[in-house]
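Here is the structure we will look at.
These numbers come from a predicted model, not from an experiment.
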Amino acid sequence: MMDFGPVGIFVLIVTSAASFLLARWLSKRVRDKRRERERRAAEASQSRQVRRARERRK
């Protein structure tokens with residue numbers, strides 16, 4: 001069985017936290033890109049009249 005000292009536990013905690021934060025950051029980027037792609041697809045499928053009305057509101 002492995003015996004971890006205080007330094008090993010500290011390294012384990014730091015790398016776990018770094019891995020967690022990196023995964024959250026990457027998943028947020030993926031979600032944002034997907035949301036933007038879906039928004040552009042929805043805008044592209046709108047009629048010209050709807051697009052012009054939206055532009056007037058801005």
Looking at R34 and E38, does any basic side-chain N land under 4.0 Å from a carboxylate oxygen? no

With a 6.0 Å cut-off (strictly less than), is the heavy-atom count around CZ of R51, excluding the residue itself, greater than 12? yes

How long is the span from the CD atom in E43 to the CZ atom in R39, to the nearest 0.5 Å? 4.5 Å

State whether the side chain of S19 and the backbone N or O of T15 hold a donor-acceptor pair below 3.5 Å, judged by distance alone. no

Would one find more than 12 heavy atoms of other residues, nucleotides or ligands at under 6.0 Å from atom CD of E55? yes

If the condition is side-chain contact (heavy atoms from CB on, under 4.5 Å), which residues does I9 pass it with, not counting sequence neighbours? F4, I13

Salt bridge check, E36 against R40: does any charged N sit closer than 4.0 Å to a carboxylate O? yes

Identify, with sequence neighbours excluded, every residue that meets side-chain contact (heavy atoms from CB on, under 4.5 Å) alongside K28. R31, D32

